[in-house]
Number of protein chains: 2
Amino acid sequence: MIKSGKRSSSAVEDYLERIQELIDSKGYARVVDIALSLGISQASVTNMVKRLDAEGFVKHERYRGLILTDEGRAIARAVIDRHRILTEFLRLLGISESEVERDVEGMEHHLSSSSLGAIESLCRELTSNRELLQKVRSGMK
Amino acid sequence: MIKSGKRSSSAVEDYLERIQELIDSKGYARVVDIALSLGISQASVTNMVKRLDAEGFVKHERYRGLILTDEGRAIARAVIDRHRILTEFLRLLGISESEVERDVEGMEHHLSSSSLGAIESLCRELTSNRELLQKVRSGMK
DNA sequence: TAAAGAAATTAGCCAAGGCTAATTTTTATG
DNA sequence: CATAAAAATTAGCCTTGGCTAATTTCTTTA
């Protein structure tokens, strides 16, 4: 039996994504690290961490850092996946790096896995078919 | 000299989009029409309409309805465009109608015009090249 | 044209997520 | 090992954008 799913907010997804990335890159994620990385205040992070802990997405040990629960990690992984694929997609289409970032950050919380799978397939096709890619790119106004 | 741009919120964009659609379809958009159409309370709409009016996106006449200013109409048109193209895109990829709707509603506020143009071009290609479309669709897990 | 009904507004509330300033707790260092 | 520095928390505030209930204003109709 799979845990409910609970549709988490964009903010929650952003936090979980960043926490996982911090753990992957530096081995730990403390309140201060998250705050710096997201560009928000430590106080705001403390609040959200309380919520994430209460809702079972993370376990927090003061001054030690956070770890993600299975559920939290599943969400983080899903968001990171959507992020990666959307980024690849827009880059393939020749969108400028700064726009890719803005667009992806906005869209990554609103993509069903069906749509994600379709875009992934499209990326494969665009990657293996340069002629097609050229054609698409040249058709942009 | 073009007016600043002002990056309006998703909520503002949703309202302007819906107001324009109501005007297009029934000729007018009153508070009650917007409330019914968005599935929220009249009181909430009254509040937002005050804001939209104060910020110069609409003109409101009680019991008569709203009209969009040039600026409001420009935003509405842009959102409706993004909506239309994203919808076409996901439909082409074979996503189910309900998922198309959910995904588009979420994503339509976060798409730059570059990305929009690219997706538009991609739609043209997918439409005129059924073989490609088949290939992409069959590559989805 | 007066009264019923529809439309709109007001008042007061709530939750999510931000913020700063002040304080507490832990770690690290001279 | 005392204390400075770093990390975390608390308290209190703000904005956005919802809500309900009560009230007001306009329109419609008997």
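Every chain is numbered from 1 and lettered A, B, ... according to where its sequence line falls, protein lines coming before strand lines.
Atom CG in B:Asn47 sits roughly 16 Å away from atom P in C:dC14 (whole-Å rounding). Atom pair B:His60:NE2 and C:dT9:C1' shows a separation of 10 Å (rounding to whole Å applied). Protein atom CZ of A:Arg62 is 6 Å distant from nucleotide atom P of C:dT26, rounded to whole Å. The CD-P distance, from A:Glu61 to C:dT26, rounds to 12 Å in whole Å. A straight line from CZ of B:Arg7 to P of D:dT16 spans 14 Å, rounded to a whole angstrom. If you take CE of A:Met48 and P of D:dA8, they are 17 Å apart, rounded to a whole angstrom. For the pair B:Ile40 CD1 and C:dT9 P, the interatomic distance rounds to 14 Å; values are reported in whole Å. The distance between atom CZ of A:Arg64 and atom P of C:dA28, rounded to the nearest whole Å, is 8 Å.
Taking 4.0 Å as the cut-off between side-chain N and carboxylate O, B:Glu21 and B:Arg18 count as a salt-bridged pair. Ion pairing between B:Asp24 and B:Arg77 holds under the 4.0 Å rule for side-chain N and carboxylate O.
Of the side-chain N and O atoms in A:Lys50, one or more sit less than 4.0 angstrom from OP1 or OP2 of D:dT10. The phosphate of D:dG18 has neither OP1 nor OP2 within less than 4.0 Å of any side-chain N or O from B:Ser44. Remark: A:Ser9 is not in phosphate contact with C:dA16, judged by side-chain N or O atoms under 4.0 Å from OP1 or OP2. Listed pair A:Ser41 / C:dC19 meets the phosphate criterion, a side-chain N or O lying under 4.0 Å from OP1 or OP2.
Atom CD of A:Glu97 has more than 12 heavy atoms from other residues, nucleotides or ligands within 6.0 Å.
The aromatic ring centroids of A:His110 and B:His109 lie 6.0 Å or more from each other.
A donor-acceptor contact under 3.5 angstrom links the side-chain atoms of B:Tyr63 to the base of C:dA7.
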